[in-house]
Amino acid sequence: MEVETLKYPAVRNYVAGQFVESSAPRSLDVFSPLSGAVISTVPLSGMPALNQAVEAAKAAFPAWSAMPVKERVQIFYRYKTLLERDMKQLADLVQEENGKTYDEARAEVEKAIELTEFACSMPQLIQGEFLEVSKGVEARVERKPLGVVASIAPFNFPNMVPHWTIPNALVLGNTMILKPSEVVPLSAGRIAELLKEAGLPDGVLNIVHGDREIVESICDHPDIEAVSFVGSTAIAKVVYIRATSNLKRCVALGGAKNHLMVLPDAHPEMTASNVAASMSGCAGQRCMAGSTMVGVGAVDGIVAKIVEEARKIVPGQNLGSVISKEAKERIEKHITEAEAAGAKVLLDGRNARVEGQEDGYYVGATVVDYVTPDMRIAQEEVFGPVLAIMRTNTLDEAIAIENANPYGNAAAVFTSSGSSARYVMDHANAGMIGVNIGVPVPREPFSFGGWNDSKFGACDITGKSSIEFWTQLKKTTTKWNPESRVNWMS
């Protein structure tokens, strides 16, 4: 019997600078959402594989952490040039395993480059503090790495989200275990290869593939000092509780239900293009997607323009696929339930098909009007290219709807009024606010992260504030002058 050859070799764990064969008893097929075809397989590792990776990370930590930070960043300067060199290959991998359009996949890699650039600025950001606190007595504060840390990444950004953690955590002197989503395991291996080419010592970055079992093992492992997680709110809560109960640091980023408040004085064309892009970019599979619009007053003309813009978003052309058949079915069910409950479907993306990729997992851009707060589509994260529109008479009513949702990732307002914009900035209960911007993602050095059920834990895993998460303070007090007068400080 002839064995079918898959497009990509079987995925392997990466330990101590080498790809290693897995002894995991289970594996999973890796599908391309673009075509529905199986393109590889991934091992579902357990504690033995994690132990192997942690031992490699522990062995690498003393030398890596002792290296001056200005030397560590040289590796990442070289790595940045390799990301630029292999941009197309990296974007192709993202597109194949995630289903994004090529332009979206390329933008993801460009963001990874920006994150790497920021990590290279660490020598200027962690200089420490020094003061003569008494005659002849000097106090010094320095930032030191934690040790072995772990990063658990989601499916929706297989290249960018690992770069939220890898450059900062490693430049700051930690060694890492990366656990990619088992649905999109290909990009992580290429990241490891490029870091090795850039000169990263063996064992500083290790990759262990798996599902729930390996996540639980990471949370439980006694030699892992900190855990970062990005994914759904339900799992983020579990990871945060389990990791912190094992006395680890943890930041767990969850889901979102972002509200875009549109006022009658908003610029029609700018608003329509921004709202349509916000709800459909990356097929709506991002926690910054503007999945809910709240129209305040007479906004029918703007809604019509949004529908007009959304019609230009075509599956297989400028709209990628969703991640799986199950996701497609779940998203379309949200639309069907909303319609049955009385909402009006202005643009219907159900049953989308792409010629030549009929088995791909596509959902077309969808606009659903007259949604009410009690509908499931208004309450749950749809994670697809779907815009649910609710109507209110006043801005206070719109803000009340936004504040009533349990998430707090992002909110935005579209208006020509500075006072209205300021009012939303002051009263919206979210960690990231946009004014006439549908996807208010901060760029470096500002960190990414929301409030409420969108984030669990203190500090951040990106931006300047991530330094606090990935390091600990060492305070040293010294005295070398026995002739100086002794006082209460010395």
Side-chain angles (χ1 to χ4, degrees), residues 57-58 60-80 114-151 163-176 199-201 204 223-228 243-244 247-251 253 431-432 442-449 451 455-490:
K58 286 172 61 180
F61 178 73
W64 177 246
S65 60
M67 184 185 294
V69 65
K70 288 182 72 67
E71 293 182 21
R72 291 196 294 261
V73 299
Q74 299 308 312
I75 294 168
F76 283 84
Y77 278 121
R78 294 193 291 272
Y79 175 62
K80 172 184 173 292
E114 182 186 55
L115 291 159
T116 303
E117 287 175 346
F118 173 73
C120 292
S121 69
M122 286 297 176
Q124 286 70 49
L125 298 176
I126 60 165
Q127 294 177 25
E129 300 174 58
F130 169 84
L131 184 67
E132 186 181 39
V133 294
S134 187
K135 185 65 175 176
V137 179
E138 299 170 348
R140 178 187 302 273
V141 178
E142 301 170 277
R143 290 201 171 272
K144 298 295 183 180
L146 303 176
V148 180
V149 299
S151 175
H163 284 89
W164 278 359
T165 58
I166 292 172
N168 288 0
L170 298 192
V171 163
L172 290 167
N174 300 286
T175 55
M176 177 176 280
L200 189 72
V204 174
D223 292 325
I224 293 176
E225 304 295 334
V227 177
S228 72
T244 55
L247 307 180
K248 304 182 192 304
R249 290 188 185 186
C250 184
V251 171
L253 304 185
M432 293 173 280
R443 296 188 66 176
E444 307 311 304
F446 302 104
S447 63
F448 180 95
W451 292 358
K455 177 185 173 184
F456 305 94
C459 307
D460 292 292
I461 58 175
T462 64
K464 189 175 180 180
S465 58
S466 72
I467 296 169
E468 191 72 29
F469 182 73
W470 296 118
T471 63
Q472 55 193 338
L473 294 177
K474 176 175 278 190
K475 285 80 69 173
T476 306
T477 305
T478 59
K479 178 178 179 178
W480 296 107
N481 56 336
E483 71 280 1
S484 290
R485 180 175 60 87
V486 175
N487 63 18
W488 68 272
M489 291 193 68
S490 57

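The analysis underlying the following values was restricted to heavy atoms, covering all of them including side chains, and did not include hydrogens, waters or symmetry mates.
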#### Entry: Lys464 vs Leu125, side chain to side chain contact (heavy atoms under 4.5 Å, CB included): CA-CA, chis, key distance, verdict
CA-CA 8 Å; Lys464 189 175 180 180; Leu125 298 176; 4.1 Å; yes
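- For Tyr79 and His163, the ring centers are positioned less than 6.0 Å apart.
- Every residue two or more places apart in sequence or in another chain was checked for a ring pair (Phe, Tyr, Trp, His ring centres under 6.0 Å) with Trp470, and none qualifies.
- Side-chain atoms of Phe118 and Pro445, non-hydrogen and from C-beta on, do get closer than 4.5 Å to each other.
- Atom CD of Glu129 is surrounded by 12 or fewer heavy atoms from other residues, nucleotides or ligands within 6.0 Å.
- Across all non-hydrogen atoms, the minimal contact from Val148 to Asp223 is CB-O, 3.5 Å.
- Take Lys70 and apply the side-chain contact (heavy atoms from CB on, under 4.5 Å) test, not counting sequence neighbours, and it matches Pro123, Gln124.
- Between Lys80 and Glu117 a salt bridge is recorded (basic side-chain N to carboxylate O distance below 4.0 Å).
- Looking at Val227 and Val149, their side chains never come closer than 4.5 Å, going by heavy atoms from C-beta outward.
- Heavy atoms only, all atoms of each residue included: Leu146 and Glu225 are closest at O-CG, 3.5 Å.
- Of the possible donor and acceptor atoms, one in the side chain of Glu132 sits under 3.5 Å from a partner among the backbone N and O of Gly136.
- Ser466 and Asp460 are not linked by any side-chain donor-acceptor pair at a separation below 3.5 angstrom, with hydrogens and angles left out of the test.
- Here Arg143 pairs with Glu468, Thr471 under the side-chain hydrogen bond (donor to acceptor under 3.5 Å, both in side chains) rule; sequence neighbours left out.
- Scanning for side-chain hydrogen bond (donor to acceptor under 3.5 Å, both in side chains) contacts around Ser65 gives an empty result, with sequence neighbours left out.
- The backbone N or O of Phe469 sits less than 3.5 Å from a side-chain atom of Arg249, completing a donor-acceptor pair.
- Here the CD atom belonging to Gln127 is positioned 13.0 Å from the CE atom belonging to Met122, to the nearest 0.5 angstrom.
- Between Ser447 and Ser465, the side chains place a donor N or O and an acceptor N or O closer than 3.5 Å (distance only, hydrogens not considered).
- Here the shortest heavy-atom pairing between Pro145 and Gln472 reads O-NE2, 3.1 Å.
- With hydrogens and angles ignored, the 3.5 Å screen pairs a side-chain donor or acceptor of Thr175 with a backbone N or O of Ala57.
- No more than 12 heavy atoms of other residues, nucleotides or ligands lie within 6.0 Å of CZ in Phe446, so this atom counts as exposed by the packing criterion.
- In this structure, the side-chain contact (heavy atoms from CB on, under 4.5 Å) partners of Glu71, at least two apart in sequence or on a different chain, are Met67, Pro68.
- Take Glu142 and apply the side-chain contact (heavy atoms from CB on, under 4.5 Å) test, not counting sequence neighbours, and it matches Arg140, Lys144, Thr476.
- With hydrogens and angles ignored, the 3.5 Å screen pairs a side-chain donor or acceptor of Thr462 with a backbone N or O of Phe448.
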### Query
Given Thr165 and Met176, is the side chain to side chain contact (heavy atoms under 4.5 Å, CB included) satisfied, shown in steps?
CA-CA 9 Å; Thr165 58; Met176 177 176 280; 3.9 Å; yes
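- Considering every non-hydrogen atom in both Gly147 and Asn174, the closest pair reads N-OD1, 3.2 Å.
- Residues Trp480 and Thr478 meet the side-chain proximity criterion, which asks for heavy atoms closer than 4.5 Å.
- A donor-acceptor pair under 3.5 Å links the side-chain atoms of Lys248 to the main chain of Ile224, judged by distance alone.
- A donor-acceptor contact shorter than 3.5 Å links the side chain of Glu444 to the backbone of Gly463.
- Closest of all the heavy-atom pairs between Asn168 and Trp164 is ND2-O, 4.3 Å.
- Trp64 places no side-chain N or O within 3.5 Å of a backbone atom of Pro201 that could act as its donor or acceptor partner.
- Considering every non-hydrogen atom in both Thr477 and Val137, the closest pair reads CG2-CG1, 3.6 Å.
- A 4.5 Å side-chain heavy-atom check between Leu170 and Leu172 finds every atom pair outside the cut-off.
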